[in-house]
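Structure record follows, encoded as structure tokens.
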Amino acid sequence: MDVAANLEMINHNINEACARSNRKSEELTIIGVTKYVTIERTIEAIEAGIENIGENRNEGFLEKYNQIGTRAKWHFIGSLQSRKVKDIIDKVDVLHSLDRLSLAKEINKRAGKRVDCFIQVNVSGEQSKHGLAPEEVLLFIENLAAYEKVHIIGLMTMAPHIDDEEKIRSVFRQLSVLRDSIQSLNYDHAPCSFLSMGMSNDYEIAIEEGATHIRIGSNLVGN
Ligand SMILES: *Cc1c(COP(=O)(O)O)cnc(C)c1O
């Protein structure tokens, strides 16, 4: 299927999820995750109307960024090694995977501008997942005040790969509750108003639970 047809289907599903949860689709940013596909397919996505591109590895990020440049907004969604920060940080519009102070420190040292970041939270507690435990997030945010280039715009999570819809929903709901509690503190360096959650398998549930940024790969650019 071409990307435009996939996007039409996704937009339809988004509109239905918004209707069910009394939300507006304009509040949502769709990030087209292109980590599995070629530059050509990525450009097809942009031409279909995708304005935000997500990559999870430095190599793929740079390869695509270098050819496409500022025609898209660039989201780095994978775990980022501190020693690789200098290679990409000024090309990244939004980092979705801030998960440790050493990374914040390196960003602060290397970035030429303020960087919008999501803090990655491991809500489900799975060993295989990156991210802070929910109870660690508040102290982490307080400590980030020392790094003036690190600007926290929200929280990000990945739900477990399971069929149990209620368990997935509960993960998203916990992230939303945590976001509310941080947002209410009105930190200058951490307005924390956004929620990056929902992928191909679970974006409709994520929207119903308040997602503002959904990260869709296979359903958008896959076959
Ligand atoms: C790969 C990836 C996605 C997209 O996954 P799909 O299931 O293909 O939609 C979203 N978020 C992150 C962090 C990813 O690594």
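When a ligand or atom number is given, it counts from 1 through the structure's own listing order.
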Checklist entry - What is the closest protein heavy atom to atom 11 (N) of ligand 1, and at what distance does it sit? => result R215 NE, 2.8 Å
Checklist entry - ligand 1 versus M158, non-hydrogen atoms closer than 4.0 Å: side chain, backbone, both, neither? => result side chain
Next on the checklist: I'd like to know whether V33 forms a side-chain contact (heavy atoms from CB on, under 4.5 Å) with V221, so could you lay out the CA-CA distance, the side-chain angles of the two residues, the decisive distance to 0.1 Å, and finally the verdict.
Outcome noted: CA-CA 8 Å; V33 177; V221 292; over 6 Å; no
Next on the checklist: I want to know whether H189 and H151 have ring centres closer than 6.0 Å.
Outcome noted: no
Item to check | Backbone or side-chain N or O of S218 under 3.5 Å from ligand 1 N or O | outcome: yes
Item to check | Ring centres under 6.0 angstrom apart (H213, F194) | outcome: yes
Item to check | Protein heavy atom at shortest distance from atom 15 (O) of ligand 1 | outcome: K35 NZ, 2.7 Å
Item to check | Heavy atom of the protein closest to atom 12 (C) of ligand 1 (residue, atom name, distance) | outcome: I77 CD1, 3.5 Å
Next on the checklist: List ligand 1 atoms under 4.0 Å from I216, heavy atoms only on the residue side.
Outcome noted: 9 (O)
Next on the checklist: Working to the nearest 0.5 angstrom, can you tell me the gap between R41 CZ and L220 CG?
Outcome noted: 8.0 Å
Checklist entry - Which residue and non-hydrogen atom of the protein lie closest to atom 5 (O) of ligand 1, and at what distance in Å? => result M199 CE, 3.6 Å
Item to check | Evaluation steps, side chain to side chain donor-acceptor pair (under 3.5 Å), between Y203 and N13 | outcome: CA-CA 9 Å; Y203 68 90; N13 294 338; 3.0 Å; yes
Checklist entry - Hey, what do you get for CD1 (I31) to OG (S196), rounding to the nearest 0.5 Å? => result 5.0 Å
Item to check | Heteroatom distance test (G217, ligand 1): nitrogen or oxygen, under 3.5 angstrom | outcome: yes
Next on the checklist: Please list the nearest protein heavy atom to atom 9 (O) of ligand 1 with its residue and the distance rounded to 0.1 Å.
Outcome noted: S200 OG, 2.5 Å
Checklist entry - Going by the order shown, which atoms of ligand 1 are within less than 4.0 Å of some heavy atom of Y36? => result 1 (C), 5 (O), 6 (P), 8 (O)
Next on the checklist: Quiz question: by atom type and distance under 3.5 Å, do the side chains of R179 and S193 form a donor-acceptor pair?
Outcome noted: no
